[in-house]
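Only this structure's heavy atoms are used, side chains among them; waters, hydrogens and symmetry mates stay out.
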Amino acid sequence: MMHQQRSEPRLSPSGDTEDIERTERAEGIERVERPRRIENTDTFEDIEDIVLRLAPRLAYFAGVARTEHVTRAAQEMQVPQSTLSRAMVRLEQDLGVDLFARRGRTVSLTPAGRTFHASVERALAEIERAADEVRADADPATGKVAFGFLHTMGAETVPGLLQAFRTEHPRVRFSLVQNYGEAMLERLRAGELDLCLTSPVPDAPDLVARRLDEQKLRLVVPAEHRLAARKRVRLAEAADETFVTLEPGYGMRRITDDLCKEAGFKPRIAFEGEEAETLRGLVAAGLGVALLPPPAVPRPGVVELTVTAPRAAREIGVAWLDGHPDTPPVAAFKKFLLSRRGRLLHD
């Protein structure tokens, strides 16, 4: 809301403001002159400059607006009256409008002051709400953990982990994200996740990662496939097959490509998907074969073969941002995950 500016100087303060001037002189405080009005707010370089100037004085302004008395507001907020008076003068100077009308020892809001006060109260209430929220999230008993995990761990592994953890921490809350590895690491770096279970275990200077377990991979073929009667297979025996795989960027896709290369061939890709169980369904339909971790529940129409060469397995680890301080609930869950080394998964 724009307010018409006047070119004439402000009227001399009286009442409470005169008392403040005497207090300032007695305390040896440098006098802050009543501001001349500025023509407009275009002198601020950008909105960040406005925020930096105004933000420290908003709580003071709300206190004076609520009490309509500088002395009383100073007593309630336990700040020197001169400090409060100076803050209001500078606030009006920065805005270029009168926020208060001064009458003797009291002040009252001008129309511009009322407009400003309504927005300031909403802003301060939002700050208070945010402070309450972050304090609640850090509470050791009832705080929150932002936890990410791979799609292939959503059916059985993660529910089991959370159930076990909550036996000793029943009121800790979780914000869960299910995604592929690279996407979770991006959210970890952005501060949206505290911890994530991922594969391969990342090796990056800004992350801390700990190996928790290893999961064997299987060559999944249709039930009527030429290899279906076998229990074990060398991956090279599937060199002429068509593969269905996860999309590039998924950890399992990278592992599939690397294992096929080690076996001496580049896989022919018929389909690239986002979810392992979708790939199993396509294998059952005869669209191709796939390298996958074991399913939570056996799926009809496919046979899962142990790969003897090269060694087909993926490491599962937990990662977090290096140097990122943990809240008590995050620290407790991290300790719990690390205690599950070697027994995180059940093939």
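- The shortest distance between side-chain heavy atoms of Asp137 and Thr327 does not fall below 4.5 Å.
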- request: Quick one: do Val283 and Val244 satisfy side chain to side chain contact (heavy atoms under 4.5 Å, CB included)? Show the steps, please.
  value: CA-CA 7 Å; Val283 171; Val244 292; 3.7 Å; yes
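- In this structure, Pro140 and Val172 approach most closely via the heavy-atom pair O-CG2, 4.0 Å.
- In this structure a side-chain-to-backbone donor-acceptor pair under 3.5 Å is present from Asp194 to Ala146.
- Checking side-chain atoms of Thr167 against main-chain N and O of Ala164 turns up a donor-acceptor pair under 3.5 Å.
- With a 4.5 Å cut-off on side-chain heavy atoms, Leu321 and Leu207 count as touching.
- Classification of the Phe165-His169 ring pair by plane angle, with boundaries at 30° and 60°, yields parallel.
- Leu54 places a side-chain heavy atom less than 4.5 Å from the side chain of Asp94.
- The CD1 atom of Ile255 lies 12.0 Å from the CD atom of Glu262; values are rounded to the nearest 0.5 Å.
- Here Glu126 contributes atom CD and Glu133 contributes atom CD; the two are 8.5 Å apart, rounded to the nearest 0.5 Å.
- Relative ring orientation between Phe147 and Phe333 is described as perpendicular, the plane-to-plane angle rising above 60° on a 0-90° scale split at 30° and 60°.
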- prompt: Would Val303 and Leu227 count as a side chain to side chain contact (heavy atoms under 4.5 Å, CB included) if you check the C-alpha gap in whole Å, the side-chain angles of each, and the deciding distance to 0.1 Å?
  reply: CA-CA 9 Å; Val303 175; Leu227 297 173; over 6 Å; no
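- Side chains of Arg86 and Thr83: a donor-acceptor N/O pair is absent below 3.5 angstrom, by distance only.
- Checked against a 6.0 Å centroid threshold, the rings of Phe61 and Phe100 count as neighbours.
- Across all their heavy atoms, Asp322 and Pro205 have their closest contact at OD2-O, 4.0 Å.
- With 3.5 Å as the limit, one finds no donor-acceptor pair spanning the side chains of Arg232 and Thr306.
- The number of heavy atoms from other shown groups lying within 6.0 Å of CZ (Arg166) is above 12.
- Leu195 is not connected to Val134 by any chain of hydrophobic side-chain contacts under 4.5 Å among Ile, Leu, Val, Met, Phe, Trp and Tyr, and they are in different clusters.
- For the atom pair Arg66 CZ and Met77 CE, the distance stands at 7.0 Å (nearest 0.5 Å).
- Judged purely by distance below 3.5 Å, without hydrogens or angles, the side chains of Glu68 and Thr106 never pair a donor atom with an acceptor atom.
- No donor-acceptor distance shorter than 3.5 angstrom exists from the side chain of Ser85 to the backbone of Gln81, with no hydrogens or angles considered.
- Taken together through direct or relayed side-chain contacts under 4.5 Å among Ile, Leu, Val, Met, Phe, Trp and Tyr, Met184 and Val201 form parts of separate hydrophobic clusters.
- Within 6.0 Å of atom CG in Asp132, more than 12 heavy atoms from other residues, nucleotides or ligands are found, so the atom counts as buried in its surroundings.
- Under the 3.5 Å distance criterion, with hydrogens and angles disregarded, no donor-acceptor pair is assigned to the side chains of Thr308 and Arg234.
- When all heavy atoms are compared, the tightest approach of Gly181 to Leu150 is N-CD2, 3.7 Å.
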- prompt: Yes or no on side chain to side chain contact (heavy atoms under 4.5 Å, CB included) for Leu246 and Leu279, after CA distance, side-chain angles and deciding distance?
  reply: CA-CA 8 Å; Leu246 295 175; Leu279 300 186; 3.8 Å; yes
query: Could you go step by step and tell me if Met252 and Leu217 meet the side chain to side chain contact (heavy atoms under 4.5 Å, CB included) rule?
result: CA-CA 10 Å; Met252 268 305 306; Leu217 303 179; 3.8 Å; yes
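- For the salt bridge (charged side-chain N to carboxylate O under 4.0 Å, His left out) test, residues two or more places apart in sequence or in another chain that qualify with Arg226 are Glu241.
- Minimum heavy-atom separation, Tyr60 to Ala87: CD1-CB, 3.6 Å.
- For the side-chain contact (heavy atoms from CB on, under 4.5 Å) with Leu292, the lone residue among Glu304, Arg280, Arg218 that qualifies is Arg280.
- Shown here for Pro202 and Leu185, the closest heavy-atom pair between the two residues is CB-CD1, 3.9 Å.
- One finds the CG atom of Leu188 at 11.5 Å from the CD atom of Glu182 (value rounded to the nearest 0.5 Å).
- At a threshold of 4.5 Å between non-hydrogen side-chain atoms, the residues Pro294 and Lys216 do not count as touching.
- Both Leu162 and Val330 belong to a common hydrophobic cluster when Ile, Leu, Val, Met, Phe, Trp and Tyr are linked at side-chain heavy-atom distances under 4.5 angstrom.
- One hydrophobic cluster, built from ILVMFWY side chains closer than 4.5 Å, holds both Leu176 and Phe336.
- Donor-acceptor pairing under 3.5 Å is recorded for the side chains of Thr152 and Arg314.
- Here Lys335 does not pair with Glu168 in a salt bridge; the nearest charged N to carboxylate O distance is not below 4.0 Å.
- In terms of heavy-atom proximity, Leu58 sits nearest to Leu124 at O-CD1, 4.1 Å.
- Contact annotation: the side chain of Thr115 never approaches that of Pro111 to less than 4.5 Å [non-hydrogen atoms, C-beta and beyond].
- The distance from the OG1 atom of Thr245 to the CD atom of Glu247 is 8.5 Å, given to the nearest 0.5 Å.
- Under the 4.5 Å side-chain criterion, counting only non-hydrogen atoms from C-beta, Lys144 is not in contact with Phe174.
- For the pair Arg253 and Asp257, the salt-bridge criterion is met [side-chain N within less than 4.0 Å of a carboxylate O].
- Few gaps surround CZ on Arg299; more than 12 heavy atoms of other groups in view lie less than 6.0 Å from it.
- For the atom pair CZ (Phe265) and CG (Leu235), the distance works out to 4.0 Å, reported to the nearest 0.5 Å.
- By the 4.5 Å heavy-atom criterion applied to side chains, Val70 and Met88 are not counted as neighbours.
- Leu344 has its side chain out of reach of Val318: every pair of non-hydrogen atoms, C-beta onward, lies at least 4.5 Å apart.
- Clustering ILVMFWY residues whenever any of their side-chain heavy atoms sit less than 4.5 angstrom apart, transitively, puts Leu197 in a cluster other than the one holding Tyr250.
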